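Structure first, commentary second.
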Amino acid sequence: MWIMSEIFDAPEDDNFASAGLRLTVDLTALTENWRDMARRSGAARASAVVKADAYGMGIEDAGEALYMAGARDFFVATVDEGVTLRLYAPEARVFVLSGIWPGTERRFFENDLVPVISSDEQLAFWMAVLADYGDYPCALHVDTGFNRLGLHIDDAIALADDVSRPASFAPVLVMSHLACADDPTHAMNRQQLESFHRVSAAYEGIDSSLAASAGIFLGEDYHFDLTRPGIALYGGEAVCGMANPMRPVATAEARIIQVRSVEAGETVSYGRALQLRRESRLAIASAGYADGYMRSQSSGGVPLRQVVPQGGQGFIAGHKVPVAGRITMDLTIFDITDLPDNAVRAGDYVELFGKNMPVDDVARASGTIGYEILTSMGLRHERRYVAEE
């Protein structure tokens, strides 16, 4: 197990210093964001959602930092993530959102993981498991209108009232998920809240959870006993049209491999999607769509530019610089013509997103959301952790 003090005291990793693509994760910002969401949760406890490798931040180090900050309830997507997290959050309750399937039960028991039961098939299997193994906690996911995962609300309520159910069936949490919480004015929010109140009342005395990041901002009516902040912990926007109050956590940078001068009238990258109107200087960076830097934010030659004229940008030498032409598999070209001569040299780094390029601004240029940018960074980057005040 890595100990955070050892990470912070260690000399800079030579691999990181020379990496083609590197990701810096600010663990102080991460934990401060969790504390912020805990305060916003009021009387409810705040958990930490660390699925998808903690949204690309690294479940080991992010999970340990959040645990040290005080988080004692965690949500992961898969049993593998739960097994990994258990090493770094030894006394926490770890809920596995994908539930339990035949052949995985021993991993749940051996690692003290709580399955989230979300279908009739999983419920039937869980009842059979309890018959063999006895008492063990679970959570119930109830669908209140999302139509993704979850037991039908009437079935869940009937289950609560079923006197014939095994005595060993002892859920410790009932939960649901809001479909439109990122739009505070959407009528669906109130409809789901009213439906979930029916569920919560049926399971009186058992913890209830409805709000993820965006739901927390809807106010205390939505908080119940436990909130589930995810994207907000990692600095992403949770609510559309609202200034993002969270601290940025991740900064992605790509090494400049070459700086080249190009004559006016020449074209750039695949498909000749960009024709230069002036003599230009271009910086070629070592990151592309194979690294999660999405092709859709190319400056031209992609369908999105017909809808959203502004393509992607990077940040280097104190300035934003536009993507030039199509983003390719391993490389992205930036137009640095407006920067002073010699401001950028081969070996320098361009920020793809971070403190100067908010991840959600990058996402908008890509036609997507910050979640996808953060979780799509791929395996080719070097990652380091810092604790900045």
Side-chain angles (χ1 to χ4, degrees), residues 2-5 7-8 23-77 81-82 84-97 114 173 175 177-178 181-182 207 209-220 222-239 242-251 354-355 358-360 370-371 374-375 383 385-389:
W2 283 7
I3 305 300
M4 290 175 60
S5 61
I7 298 170
F8 299 152
L23 184 71
T24 300
V25 179
D26 184 348
L27 293 175
T28 298
L30 173 68
T31 55
E32 283 302 307
N33 285 343
W34 179 79
R35 292 187 179 101
D36 187 340
M37 297 306 281
R39 287 190 293 269
R40 294 176 188 272
S41 297
R45 301 190 317 280
S47 68
V49 179
V50 293
K51 61 183 181 177
D53 197 26
Y55 287 58
M57 303 302 101
I59 193 171
E60 298 91 344
D61 295 273
E64 183 178 35
L66 291 163
Y67 182 77
M68 292 174 66
R72 289 297 180 268
D73 296 276
F74 288 83
F75 287 85
V76 297
E81 290 178 341
T84 299
L85 178 64
R86 175 54 69 205
L87 298 173
Y88 302 90
E91 301 298 325
R93 283 199 310 184
V94 179
F95 295 93
V96 179
L97 291 165
V114 182
L173 180 73
M175 59 178 285
H177 195 63
L178 294 164
D182 59 345
D207 282 352
S209 179
L210 178 62
S213 291
I216 293 171
F217 287 99
L218 291 177
E220 63 180 351
Y222 292 81
H223 294 167
F224 290 86
D225 301 299
L226 182 70
T227 62
R228 309 191 306 273
I231 188 63
L233 303 184
Y234 308 99
E237 292 179 7
V239 181
M242 184 183 84
N244 185 6
M246 313 313 297
R247 295 175 60 170
V249 171
T251 298
K355 293 182 178 179
V359 66
D360 290 284
Y371 301 70
L374 288 175
T375 59
R383 187 163 53 201
Y385 297 89
V386 299
E388 297 181 356
E389 298 298 334

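Starting from 1, each residue takes its place in the sequence as its number. All values derive from a computational prediction rather than experimental measurement. Worth knowing before you read on, the calculation uses all heavy atoms, side chains too, and leaves out hydrogens, waters and symmetry mates.
- Of all heavy-atom pairs spanning Tyr371 and Glu237, the tightest one is CE1-O, 4.4 Å.
- Panel note: side chain Ser209, backbone Leu226; a donor-acceptor pair is recorded below 3.5 Å.
- The closest donor-acceptor contact from the side chain of Asp26 to the backbone of Pro248 lies at 3.5 Å or more, if one exists at all.
- Side-chain contact between Asn244 and Pro358 is absent, with no heavy atoms from C-beta onward closer than 4.5 Å.
- Annotation: side chain of Phe75 is in contact with side chain of Met175 (closest heavy-atom distance under 4.5 Å).
- Side-chain N or O atoms of Arg86 include one that pairs as donor or acceptor with a backbone N or O of Ala92 at under 3.5 Å.
- In this structure, the separation between CG on Leu30 and CZ on Arg35 is 10.0 Å, given to the nearest 0.5 Å.
- When side chains are defined from C-beta on, Leu218 counts as touching Leu178, because their heavy atoms get closer than 4.5 Å.
- In this structure, Asn33 contributes its side chain and Arg247 its backbone to a donor-acceptor pair below 3.5 Å.
- In this structure the side chain of Arg40 reaches within 4.5 angstrom of the side chain of Pro245, judged on heavy atoms.
- At least one side-chain heavy atom of Met57 sits less than 4.5 Å from a side-chain heavy atom of Leu374.
- In plain terms, the two heavy atoms of Ala77 and Val96 that are nearest each other are O-CG1, 3.9 Å.
- Note that OG1 of Thr31 is 12.0 Å distant from CD of Glu64, once rounded to the nearest 0.5 Å.
- Between the side chain of Tyr88 and the backbone N or O of Ala62 there is no donor-acceptor pair closer than 3.5 Å.
- Below 30°, between 30° and 60°, or above 60°: for Tyr55 and Tyr234 the angle between ring planes is below 30°, a parallel geometry.
- Between the side chain of Asp182 and the backbone N or O of Ala238 there is no donor-acceptor pair closer than 3.5 Å.
- The side-chain tip of Arg93 does not point at the ring of Phe74 from less than 6.0 angstrom away and within 45° of straight on.
- Going from atom CZ of Arg228 over to atom CG of Leu97 covers 7.5 Å, rounded to the nearest 0.5 Å.
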Quiz prompt | Trace of the side chain to side chain contact (heavy atoms under 4.5 Å, CB included) decision for Thr24 with Val386 | solution = CA-CA 7 Å; Thr24 300; Val386 299; 3.9 Å; yes
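- In this structure, Val76 and Val94 have side chains that are in contact, with non-hydrogen atoms separated by less than 4.5 Å.
- With rounding to the nearest 0.5 Å, the separation of CD1 in Ile216 from CG in Leu210 is 10.5 Å.
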Contacts table for residues 42-51: side-chain donor-acceptor under 3.5 angstrom, sequence neighbours left out:
from, atom 1, to, atom 2, distance (Å)
Arg45, NE, Asp73, OD2, 3.3
Arg45, NH1, Asp207, OD2, 3.4
Arg45, NH2, Asp207, OD2, 3.2
Ser47, OG, Thr227, O, 2.7

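- Glu81 pairs by the side chain to side chain donor-acceptor pair (under 3.5 Å) definition with nothing, not counting sequence neighbours.
- Partners of Glu60 under the side chain to side chain donor-acceptor pair (under 3.5 Å) rule, at least two apart in sequence or in another chain, do not exist in this structure.
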